[in-house]
A.B. asks: 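Questions regarding the structure given below will be posed in turn.
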Protein chains: 4
Amino acid sequence: MDTERQAHLLGSAPGGTSAGTPTCAAPRRGRPRSEAAEQAICAAVERLMMDGAGLADLTVEGVAQAAGVGKATIYRRWPNKEAMLVDVVVRLDDPEPELAGRCAKDDLVTLLEHMRRRGLAKRSRWVLMVVFNQLHGLPALREVYYERVIRPRRETIRSVVERGQATGEFRADLDSEMLAEMLVGPMLVRTVLWDDAPLDDPGLSAAMVEAVLEGLGGPAHVRRAG
Amino acid sequence: MDTERQAHLLGSAPGGTSAGTPTCAAPRRGRPRSEAAEQAICAAVERLMMDGAGLADLTVEGVAQAAGVGKATIYRRWPNKEAMLVDVVVRLDDPEPELAGRCAKDDLVTLLEHMRRRGLAKRSRWVLMVVFNQLHGLPALREVYYERVIRPRRETIRSVVERGQATGEFRADLDSEMLAEMLVGPMLVRTVLWDDAPLDDPGLSAAMVEAVLEGLGGPAHVRRAG
Amino acid sequence: MDTERQAHLLGSAPGGTSAGTPTCAAPRRGRPRSEAAEQAICAAVERLMMDGAGLADLTVEGVAQAAGVGKATIYRRWPNKEAMLVDVVVRLDDPEPELAGRCAKDDLVTLLEHMRRRGLAKRSRWVLMVVFNQLHGLPALREVYYERVIRPRRETIRSVVERGQATGEFRADLDSEMLAEMLVGPMLVRTVLWDDAPLDDPGLSAAMVEAVLEGLGGPAHVRRAG
Amino acid sequence: MDTERQAHLLGSAPGGTSAGTPTCAAPRRGRPRSEAAEQAICAAVERLMMDGAGLADLTVEGVAQAAGVGKATIYRRWPNKEAMLVDVVVRLDDPEPELAGRCAKDDLVTLLEHMRRRGLAKRSRWVLMVVFNQLHGLPALREVYYERVIRPRRETIRSVVERGQATGEFRADLDSEMLAEMLVGPMLVRTVLWDDAPLDDPGLSAAMVEAVLEGLGGPAHVRRAG
DNA sequence: CGATAACCGAGACGGTACGTCGAGTCTTGGC
DNA sequence: GCCAAGACTCGACGTACCGTCTCGGTTATCG
């Protein structure tokens, strides 16, 4: 009766990403799942959340009603409310930007700037909120988000750093993990934790990159004045 | 019948912070509230959470049963489940450390080291988890935690910075807000978000302070080797 | 949590019928169950059924709503929909009549007449309908109804027969079981099975008693004409 | 697409009862309905019910699965679950016996004996159970069963009575309706209502006919001994 | 022989009700 | 007036069926 139900936990695209060879030879009998229903559910979740409803007000019954869909149609796709939320949230998240690649430092600024703008946009801000507010309660969300967002970002940063090292722009022993944390951490804190360290300043990203690379500094920095 | 109920939202000590004079002149007739019940509730919450239960599994009924207390006894103290959680969390949190004050940089390391050790201890790690995972859903928690933890820490950092500037240890234009964020942000990320950027390294705090002050650096840093 | 839940299956009166000694010495702590709620539920069931709704349309949710009661209040009293139905039905049933006792034959007529009138009254007709329509699906109903209705009636008939035998009105070897069946069976059939053998005839009961006692007869009955 | 669907409510044989000429001139293009599926459904219903399942446990989905048939195949034949049940029940019912016709009284005994044996056999007992337990809820069943079982039996009894009257075996004014009820009623009660008035006694039918014809009797019956 | 049409098993669809659980309130007897 | 116990209303949870609707595929008759 229940052929698959936790399919969406890792990698949401049905059919897989590997080319050519079909994942399942059995021709999947019966009426196929409605793509329309799936989109209606996602849209309903988004709409409900954008209408100011808190995360606790997000009801499976409410989503079903708002999407014009039966509850069973939701539970056929996800085993419970949390799994649905995880999957929808991940789908709603913005993709990472393409990096222009002029110089490594600019790429880091571009990346941070993307994060900053995500924090300003209502929808993606909500996505981040949900993610970081539910990580503890929903281990699955942590897993998925890490695989689909965090790890790619770290990879990106690492490649940028390597490029910068190759061109001599960065020191050869620059620790890309530490760099990633020191860039992403403060931006995340501003985005999801405190409203009073706002994201409005357009120069914020550049300032952060500058600070991380050059240091906020002790007196040794007087060399700058020289 | 129910004389007060949202007393605990700011400042949890009954009777207020001002010394001596009771807040209410009316002497509160009838049997006084049981201090034992209050502690039993806090202990029950702690015990339940330490036993691996997720935050979603924390129910008022469960707490009441675990504490050997009636549900009404809980609702007599807090207006709802969230308020109880906020209050208990704040009570369980560790106080900030006294700063030895040899040199400013060491004080920053001490402060970060305290955060790191909190992240390693099970109980305070859970407190941090709850706080940063529920900030969005519980505005009251944000308020209370900000007043009781975040603001004091920023103040502390600001005073350390000022001291460092006075002694010439730090540049005169060092932005203490930015410094706070760049120190606290990455440590928080390691603590509450991802398990794979661990806190085990005893030199972590010193390395972070060093990195923030001196920068992770571009090629200009070769001068260090000089 | 669930101290008692199948209490109503046999003997609906809480506290028992035995005199003096209390059934439970423990003083039953906590808020007692609302008698009003119980009656509201029964009334709601009756009202819903009288409004032409079929048995299949009788919903626990509907009953709860009609009674102004939470579903939990129903499920606190009965373990499921069927048990509730059984209990309510038995409560709604009319009690057996007092038998005047002039002569045994008249008592039998009185008894049958009571059945006939029950079949004509809307409410008790519905009770009978439910009972006889659900006996197969609800073994509990069979049990309860037998103990509370059928067996008492058989006892009554037996005592009437014995009285008639004592006065010489009946043969000494009259089989009271057989008599009960031959009186009750046809009346039940008219009541619950077929509409076209109606109960309107006021002389029906007397005719049935006469027929059962004297026989519908072969030619020997010409003595009647004499 | 759906040319006919309530065909089975009266007269289950497709094609109608009139001989030769097909009811519909249009020759029903396309693949004809599978006779095998139809039988599988009936068999599945019978099997499920014989396995001790209650009537409430009989679901369309369960029947479809047990029969190895799609749900649509069921709904193509009957408009809903109840219609299916009615039709299957009628098909499973045993036909009435041929009456030997020696003397009228023996015929009545034969008829009752057939009923008694049906009540003893598991399958036909279940059929009777369902019929008499669902008459209230399923008006269609009442209709069909009356036409196909009850009315013929009454006709049979009436003809037997008329024959008995013609031969002088019975009184001329014997009410055949009353007789039918007084014979059938008690036997039905024993069969479908109470287990404790069993059907095992092989002499039961004869005793019943005797009782109905001769009466259970008051003291006047002492004349029999004379 | 190919097109057409209705069939077939499988299973997803929108609904409705089930029985459970928890939130926050109310009501007992007893301290 | 507090306390433990537990009933109260309300509403969401996740499950099961109902009757309908596609899917891909099969099996008849018609043209």
Side-chain angles (χ1 to χ4, degrees), chain A residues 1-3 27-34 36-37 56-62 64-65 67-77 79-81, chain B residues 1-3 28-34 36-37 56-62 64-65 67-76 79-82, chain C residues 1-3 27-34 36-37 56-62 64-65 68-77 79-81, chain D residues 1-3 27-34 36-37 58-62 64-65 67-76 78-81:
Chain A
M1 282 195 177
D2 201 330
T3 39
R28 309 283 284 104
R29 299 205 292 179
R31 177 175 172 176
R33 299 218 176 131
S34 161
D57 305 330
L58 198 73
T59 312
V60 172
E61 292 189 332
Q65 188 144 14
V69 143
K71 266 205 297 181
T73 299
I74 293 180
Y75 282 106
R76 215 172 279 122
R77 286 166 169 72
N80 52 45
K81 177 180 164 176
Chain B
M1 284 191 177
D2 202 329
T3 39
R28 315 266 288 102
R29 307 208 315 162
R31 175 174 172 181
R33 291 196 183 153
S34 158
D57 304 330
L58 194 75
T59 66
V60 172
E61 290 189 333
Q65 186 142 18
V69 141
K71 271 205 296 180
T73 299
I74 293 180
Y75 282 104
R76 215 172 279 122
N80 52 45
K81 176 180 164 178
E82 279 71 34
Chain C
M1 284 193 178
D2 201 331
T3 38
R28 309 282 284 106
R29 298 203 296 177
R31 177 174 172 177
R33 298 217 176 132
S34 161
D57 304 330
L58 198 72
T59 312
V60 172
E61 293 189 329
Q65 188 145 14
V69 143
K71 267 203 300 180
T73 299
I74 294 181
Y75 284 105
R76 212 172 281 123
R77 286 166 169 74
N80 51 45
K81 177 180 163 177
Chain D
M1 281 193 178
D2 202 331
T3 39
R28 312 269 287 101
R29 307 209 317 161
R31 176 176 172 178
R33 293 198 181 150
S34 158
L58 195 76
T59 65
V60 173
E61 291 189 331
Q65 186 143 16
V69 142
K71 272 205 299 180
T73 301
I74 293 179
Y75 283 104
R76 215 171 279 124
W78 301 280
N80 52 44
K81 176 180 162 176

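Chain A is the first sequence line, chain B the second, and so forth, proteins listed ahead of strands; every chain is numbered from 1. If you're wondering where the values come from, they're calculated on a predicted model, not measured in any experiment.
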A.B. asks: Tell me: CG of C:Asn80 to P of E:dT20, nearest whole Å?
C.D. replies: 8 Å

A.B. asks: Given F:dC21, F:dC18, F:dG14, which nucleotide is nearest the side-chain atoms of A:Lys81?
C.D. replies: F:dG14

A.B. asks: Write down the atom of D:Gly70, the atom of D:Ala64, and the distance for their closest heavy-atom approach.
C.D. replies: C-CB, 4.2 Å

A.B. asks: How is C:Thr73 classified with respect to the nucleic acid when contacts are heavy atoms under 4.0 Å: base, sugar-phosphate, or nothing?
C.D. replies: base

A.B. asks: Would you indicate what C:Gly62 reaches in the nucleic acid, counting non-hydrogen atoms under 4.0 angstrom: base, sugar-phosphate, or nothing?
C.D. replies: nothing

A.B. asks: Indicate, yes or no, whether a donor-acceptor pair under 3.5 Å links the base of F:dG11 to the side chain of C:Lys71.
C.D. replies: no

A.B. asks: Please confirm whether any donor atom in the side chain of C:Arg31 sits under 3.5 Å from an acceptor in the base of E:dC26, or the reverse.
C.D. replies: yes

A.B. asks: Could you state the CG-C1' distance from A:Asp57 to F:dA12, rounded to the nearest angstrom?
C.D. replies: 12 Å

A.B. asks: What is the separation between atom OH on B:Tyr75 and atom P on F:dA5, rounded to the nearest whole Å?
C.D. replies: 17 Å

A.B. asks: Separation of D:Arg76 atom CZ from F:dT22 atom P, in whole Å?
C.D. replies: 14 Å

A.B. asks: Would you kindly give the CZ-to-P distance between B:Arg33 and F:dG1, to the nearest whole Å?
C.D. replies: 12 Å

A.B. asks: So which one's nearest nucleotide on DNA chain E is more toward 5', A:Gly70 or C:Pro32?
C.D. replies: A:Gly70

A.B. asks: Please check the phosphate of E:dG9 (OP1 and OP2 only) for any side-chain N or O of A:Arg29 closer than 4.0 Å.
C.D. replies: no

A.B. asks: Looking only at heavy atoms, what is the nearest atom pair of A:Asn80 and A:Tyr75, with distance?
C.D. replies: CA-CE2, 4.0 Å

A.B. asks: Once you round it to whole Å, what is the distance between C1' of E:dC13 and CD1 of A:Ile74?
C.D. replies: 13 Å

A.B. asks: Do D:Lys71 and D:Ile74 make a side-chain contact, defined as non-hydrogen atoms from C-beta onward lying under 4.5 Å apart?
C.D. replies: no

A.B. asks: Atom CD of D:Gln65 and atom P of E:dG11: how far apart are they, to the nearest Å?
C.D. replies: 9 Å

A.B. asks: Considering all heavy atoms of both residues, which atom of D:Ala37 and which atom of D:Ser34 are nearest to each other, and what is their separation?
C.D. replies: N-OG, 3.0 Å

A.B. asks: Taking for each residue the nucleotide of DNA chain F bearing the nearest heavy atom, is the 5' side occupied by A:Thr59 or by C:Val69?
C.D. replies: C:Val69

A.B. asks: Measure from the side-chain N and O atoms of C:Thr59 to the backbone N and O of C:Asp57, and report whether any donor-acceptor pair falls under 3.5 Å.
C.D. replies: yes

A.B. asks: Find which nucleotide of DNA chain F each of B:Ser34 and A:Glu61 is nearest to by heavy atoms, and output the residue with the more 5' nucleotide.
C.D. replies: B:Ser34

A.B. asks: Take A:Ala67 and B:Leu58, find for each the nucleotide of DNA chain E with the closest heavy atom, and name the residue whose nucleotide sits nearer the 5' end.
C.D. replies: A:Ala67

